[in-house]
A.B. asks: 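My questions will all concern the structure given below.
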There are 2 protein chains.
Amino acid sequence: MPAVAKTSRQDILRTAEDLLGQRGEEGVTFLQIAKRCGVKGPSLYKHFPDREALIHELEVRAFAQLGNQLSAAPQSVIGLASAFLSFASLNPGPYSLLFKSGDPSLPTEAIRPVLVLLENILGNREEALTRARVIASFLHGYALMERSGAFRLGGDPAACVAVGLKLIVPEASGTN
Amino acid sequence: MPAVAKTSRQDILRTAEDLLGQRGEEGVTFLQIAKRCGVKGPSLYKHFPDREALIHELEVRAFAQLGNQLSAAPQSVIGLASAFLSFASLNPGPYSLLFKSGDPSLPTEAIRPVLVLLENILGNREEALTRARVIASFLHGYALMERSGAFRLGGDPAACVAVGLKLIVPEASGTN
DNA sequence: GTCTATAGCTAGATAGAC
DNA sequence: GTCTATCTAGCTATAGAC
């Protein structure tokens, strides 16, 4: 059988994620992916119908990957926050897809551990949602500022993470 | 005198800012700007040497605009935070340029009011810097999530802003 | 499944007429 | 200051040979 497979769906997706982290969404082109996978551009159409399908697949994977990390992490405020920031730092490509609006299918699921934990700590569902939003905003903003080098006033920016979490969920102190 | 001016530096910059807010940085092309300004692409090179110069000008303007808003706002935690979020909401184009790393020239200046206020409230320079970072991360993350529609669990997302600020700077309660 | 060839589009930028 | 014409380059996508 001629035409031996030089690449694969997995290979393409991993390569696309690297490209996404290095050059942003506009940098994820079939031509560049193909080059890195050792094939020519048009070959990728045997694996994905078009670029949009590839991007959508990356989004689905990103939510699944984050969900896995959060599920496997210590179920404490610090534990979940650390897992979230690690994911953002180690997987900048997938992470950048998490907050891009789009279809509201599985997004909710990935964050569930945070909501469950806060409900346990606070004993109030509505308050838990509000705090979860404060934490999500804080961590998301921190992850982006950290990555873009926006903390320009010296000292140790990372120190503000633990401080911020303690301020936002004082009820968890000592329990973590 | 032939060749009457159909557009201007200001017109181009405003148009570029609109485009930036609507289509992102990659959407800011000389061709699109020209179309909206009623001229042809090459005409823009009479106003800016190249695309990079235009983008840089947009960055400088963005920091200046934010600085003006923060200086003119009530110098309280709520006042400055509201001004920041208003700027982000009303000027999505310029706002998107604020956290893109790049040259560390004037960025520091725009944020000064926040630092000054927190030093007054906390009486501790180092603690003020840490809290400022927590607030900046929180507001930046909130602004982006709000804009991208990332708050998908119902209720009123905006409610978490006041709650978050009170948690992060409890010392300011009653003073605002 | 890979390839070459190609079509169609958009972008940045320059040259030179008016 | 604006225009047309042009160049280079990169992208998406399709057709058809192997």
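Owing to the predicted nature of the structure, the values given are computational and were not obtained by experimental measurement. Letters go in sequence order (proteins before strands), and every chain restarts at 1. All heavy atoms count here, side chains included; hydrogens, waters and symmetry mates do not.
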A.B. asks: B:S43 side chain to B:V39 main-chain N or O, any donor-acceptor pair under 3.5 Å?
C.D. replies: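 The answer is no, because no donor-acceptor pair under 3.5 Å joins these two groups.
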A.B. asks: Classify A:E52 by what it touches in the nucleic acid, base, sugar-phosphate, or nothing, heavy-atom distance under 4.0 Å.
C.D. replies: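 Since no nucleic acid heavy atom lies under 4.0 Å of A:E52, the category is nothing.
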A.B. asks: The side chain of A:P42 lies closest to which of these nucleotides: D:dA15, D:dC3, C:dG1?
C.D. replies: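 The listed nucleotide nearest to A:P42's side chain is D:dA15.
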A.B. asks: What's the closest nucleotide to the B:H47 side chain, out of C:dT10, D:dG1, D:dT12?
C.D. replies: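 It is D:dG1.
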A.B. asks: Tell me if the CD atom of A:E26 is crowded by more than 12 foreign heavy atoms within 6.0 Å.
C.D. replies: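 Atom CD in A:E26 is packed in, count exceeds 12.
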A.B. asks: Nearest whole angstrom, please: distance from the P of D:dC11 to the CD1 of A:I33.
C.D. replies: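 In whole Å, D:dC11 P lies 10 Å from A:I33 CD1.
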A.B. asks: Which nucleotide in the list C:dT2, D:dT2, D:dG10 gets nearest to the side chain of B:K46?
C.D. replies: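 Side chain of B:K46 sits closest to D:dT2.
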A.B. asks: Think A:K40 has a side-chain N or O under 4.0 angstrom from the OP1 or OP2 of C:dG1?
C.D. replies: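 No.
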A.B. asks: Please state how far atom CG in B:L31 lies from atom P in C:dG12, giving the value in whole angstrom units.
C.D. replies: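 So the two atoms are 7 Å apart, to the nearest Å.
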A.B. asks: Write down the distance between CZ (A:R51) and P (D:dT14), rounded to a whole number of angstrom.
C.D. replies: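 Rounding to the nearest Å, CZ of A:R51 and P of D:dT14 are 15 Å apart.
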A.B. asks: For a quick test of reading the model: is some side-chain N or O of A:K6 closer than 4.0 Å to OP1 or OP2 of C:dC3?
C.D. replies: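 Yes.
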A.B. asks: Is it true that B:F138 and B:F84 have ring centroids separated by less than 6.0 Å?
C.D. replies: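 So the answer is no for these two rings.
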A.B. asks: Round to the nearest Å and state the distance from A:F48 atom CZ to D:dA13 atom C1'.
C.D. replies: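 Nearest whole value for this atom pair: 16 Å.
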A.B. asks: Please report the shortest heavy-atom distance between B:G41 and B:L31, naming the atom on each side.
C.D. replies: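 Heavy atoms of B:G41 and B:L31 come nearest at CA-CD1, 4.1 Å.
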A.B. asks: Expressed in angstrom and rounded to an integer, what is the separation of B:D11 atom CG from D:dG1 atom P?
C.D. replies: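 In whole Å, D:dG1 P lies 13 Å from B:D11 CG.
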A.B. asks: Might you confirm whether atom CD of A:Q22 has over 12 heavy atoms from other residues, nucleotides or ligands at distances under 6.0 Å?
C.D. replies: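 Buried by this count: over 12 neighbours within 6.0 Å.
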A.B. asks: Rounded to whole Å, please give me the gap between CD1 in A:I12 and P in C:dT2.
C.D. replies: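 Atom CD1 in A:I12 sits about 7 Å away from atom P in C:dT2.
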A.B. asks: Whole angstrom is fine here: how far is it from CG in B:L44 over to C1' in D:dC3?
C.D. replies: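 Those two atoms, CG and C1', are 13 Å apart.
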A.B. asks: Within the 4.0 Å heavy-atom criterion, would you say B:Q32 contacts the bases, only the backbone, or no part of the nucleic acid?
C.D. replies: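 Result for B:Q32 = sugar-phosphate.
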A.B. asks: Considering only D:dA13, C:dA13, D:dT2, which nucleotide approaches the side chain of A:Y45 most closely?
C.D. replies: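 Per side-chain heavy atoms of A:Y45, the pick is D:dA13.
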A.B. asks: What's the CD1-P distance between B:I55 and C:dA11, to the nearest Å?
C.D. replies: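 For the pair B:I55 CD1 and C:dA11 P, the rounded distance is 13 Å.
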A.B. asks: Is the phosphate of C:dC3, meaning OP1 or OP2, less than 4.0 Å from a side-chain N or O of A:S43?
C.D. replies: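 True: A:S43 side-chain N/O within range (under 4.0 Å) of C:dC3 OP1/OP2.
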